[in-house]
Amino acid sequence: KDSVGLAAYTMDSHHVQRYVDANGQLKNEGDVQVGGFSPYAISYAALTPQAAQCDNLLAPICLSASHIAFGSIRMEPVFMVLGQSAATAAMQAANSDIAVQDVPYEALKQQLLADGQVLTWSGPVRKAPVALDLDAFEGIVMDDEQATRTGFNSRSHAIGPMVGVGYRHDGNSNKGTQSIKFSVTIEQAGTYELRLAYAANPNRATNVPLHIHTGQTSQTVRVNQRKPAEQPPFATIGRFDLPAGPVVFEFTNTDTDGYVVVDAIQLLPPTP
C-alpha cells in the first residue's frame, strides 16, 4: 500500500554447488532464479530505519529485505527506481523539515506517478511451472533422467507443466551430434499410443526425428514441438505396433530447425 517501485521479475542468484547423485548424474543445486515471477511492489518502509535510530537516512540499496527477495531487488533497474524514489522522498522531507519516516505517502505517491513511476503491476501474472511425479500417469512412463544421452546436457524448468524436476534440451546447437534414448521392455505385443512431454514453445523445432528401434527394424517419425500438448504435459506422437521385448525410442537433433526438448515419454498399453 506504500509502494515506491516494483522489483524486477528476474533474479540474479546462481548455483551453490554441483554434485553427483546416486545414479552418477551431475546436478546443480541452489539455483532459485529459473522460472520467473510477476513484478512485486517494494514498500517505502523498507528504505527507512526506525525513527528512534535515525530520522534522516534513506537506504535504497541496502534496504530491508530477505536474501531471496534481494536476489531480484539487486537488479540495476530496480536500484535505479529505488534511487529515484528515495531522492524524491528526501527532497520532500527536507522541504517540509520533517523526518523521512513522516513523509506523507500520498504526496510522495503523486510525485512518483507524475515522474513516470509504476507503483502497481497490472500486467500478466506469472505462475511457477508445475512439476509432476511419474506416479501421476498411467502406462509406462520414463523421465529424461532415466534415458541414455549423448549431449542434451542443457537442463531447464522454465516452462511447465513438466515431469520431474525439469527437462533436457540441445541448446539449439551441435546439430546432428546429440541424441537421447529411452529403452523400454514391452511385455505384451500390441498397438501402443506413444506420448512425449516437451514443453511446447515458439522457439522449438518443428521436425524432431524420433527413431523407434524394435529388434532388427526401425521406423522414423517427425515431431513438431511448437504444437501444444493435447494432454499436458504430454502430446500424442502416434500409435505404433510394438513387439514384445526391448524397444528403444531415440530422439536426435539432426537437421532440426529449433530447440529440441525432451522431458519424458509415456506408452499407453493396448486396449483389451
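Side-chain atoms are counted along with the backbone in the values below, which use heavy atoms only and exclude waters and symmetry mates.
F234 and F137 have their aromatic ring centers within a separation under 6.0 angstrom.
For the pair T120 and S3, the minimum side-chain heavy-atom distance is 4.5 Å or more. Counting heavy atoms from C-beta outward, V262 and Y198 have side chains that stay 4.5 Å or more apart. Using a 4.5 Å heavy-atom threshold, the side chains of V247 and L267 count as separate. Taking the side chain as every heavy atom from C-beta outward, L112 and S85 approach each other to under 4.5 Å. Residues L63 and I42 form a side-chain contact, since some pair of their non-hydrogen atoms from C-beta on lies under 4.5 Å apart. Proximity of V81 to L6: side-chain heavy atoms (C-beta onward) are nowhere separated by under 4.5 Å. Put simply, the side chain of S154 does not reach to within 4.5 Å of the side chain of R168, judged on heavy atoms. A 4.5 Å side-chain heavy-atom check between E138 and P269 finds every atom pair outside the cut-off.
Side-chain N or O atoms of T256 include none that pairs as donor or acceptor with a backbone N or O of A205 at under 3.5 Å. Using a distance-only test at 3.5 Å, with no hydrogens or angles considered, no donor-acceptor pair links the side chain of D263 to the main chain of A199. Using a distance-only test at 3.5 Å, with no hydrogens or angles considered, no donor-acceptor pair links the side chain of Q146 to the main chain of F182. The main-chain N or O of A69 is found under 3.5 Å from a side-chain atom of Y40 such that the two form a donor-acceptor pair. Between the side chain of R226 and the main chain of R204, a donor-acceptor pair closer than 3.5 Å is present. Although no hydrogens or angles enter the test, the distance criterion places no donor-acceptor pair under 3.5 Å between the side chain of Q101 and the main chain of T48. A donor-acceptor pair under 3.5 Å links the side-chain atoms of N253 to the main chain of G176, judged by distance alone. In terms of modelled atom types and a separation under 3.5 Å, the side chain of S156 and the main chain of A158 share a donor-acceptor contact. Under a 3.5 Å cut-off, the side chain of R149 and the backbone N or O of I180 do not form any donor-acceptor pair. Under a 3.5 Å cut-off, the side chain of Q225 and the backbone N or O of V261 do form a donor-acceptor pair.
Distance CG/L194 to CZ/F249: 5.0 Å, rounded to 0.5 Å. Atom-to-atom distance recorded for Y44:OH and D2:CG is 9.5 Å, nearest 0.5 angstrom. For the atom pair E250 CD and T150 OG1, the distance stands at 8.0 Å (nearest 0.5 Å). Taken from CG in L82 to CD in Q117, the straight-line distance is 8.0 Å, to the nearest 0.5 Å. Within the model, atoms NE2 of H169 and CD1 of I159 stand 10.0 Å from one another, a figure rounded to the nearest 0.5 Å. Put simply, NZ on K181 and CE on M142 are 13.0 Å apart, with the number rounded to the nearest 0.5 Å.
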Under 3.5 Å donor-acceptor pairs involving side-chain atoms of residues 49-61, not counting sequence neighbours:
none

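Side chains of T214 and T217: a donor-acceptor N/O pair is present below 3.5 angstrom, by distance only. Looking at N224 and T206, their side chains never bring a donor and an acceptor atom within 3.5 Å of each other.
Between L268 and Y192, the shortest heavy-atom contact is O-CD2, 3.3 Å. Smallest separation of non-hydrogen atoms from Q266 and V141: CG-CG2, 3.9 Å. Taking each heavy atom of Q92 and P104 in turn, the nearest pair found is OE1-O, 4.5 Å. Across all their heavy atoms, Q188 and I186 have their closest contact at O-CG2, 3.2 Å. Heavy atoms only, all atoms of each residue included: A89 and V103 are closest at O-CG2, 3.8 Å. For the pair H213 and S218, the tightest heavy-atom approach, listed with the atom from each and the gap, is ND1-OG, 2.7 Å.
Each of L134 and I265 belongs to its own hydrophobic cluster when Ile, Leu, Val, Met, Phe, Trp and Tyr are linked at side-chain heavy-atom distances under 4.5 angstrom. Note on V78 and L47: same hydrophobic cluster, where clusters join Ile, Leu, Val, Met, Phe, Trp and Tyr whose side-chain heavy atoms are under 4.5 Å apart, directly or indirectly. Linking Ile, Leu, Val, Met, Phe, Trp and Tyr residues whenever their side-chain heavy atoms come within less than 4.5 Å leaves V163 and V260 in two separate clusters. Placement of I140 and V248 in two distinct hydrophobic clusters is found when ILVMFWY residues are connected by side-chain heavy-atom separations under 4.5 Å, directly or transitively.
More than 12 heavy atoms of other shown residues, nucleotides or ligands fall within 6.0 angstrom of atom CG in D115. Counting non-hydrogen atoms of neighbouring residues, nucleotides and ligands closer than 6.0 angstrom, the CE atom of M91 exceeds 12 such neighbours. More than 12 heavy-atom neighbours from other residues, nucleotides or ligands sit within 6.0 angstrom of NZ on K175.
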Original post:
Can Y259 and D170 be said to form a side-chain contact (heavy atoms from CB on, under 4.5 Å), step by step?
Top reply: CA-CA 6 Å; Y259 283 82; D170 71 339; 4.3 Å; yes

Original post:
Between L196 and F251, does a side-chain contact (heavy atoms from CB on, under 4.5 Å) hold up when you go through it step by step?
Top reply: CA-CA 11 Å; L196 172 66; F251 298 89; 3.6 Å; yes

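Aromatic ring orientation, F79 versus F70: tilted (interplanar angle from 30° to 60°).
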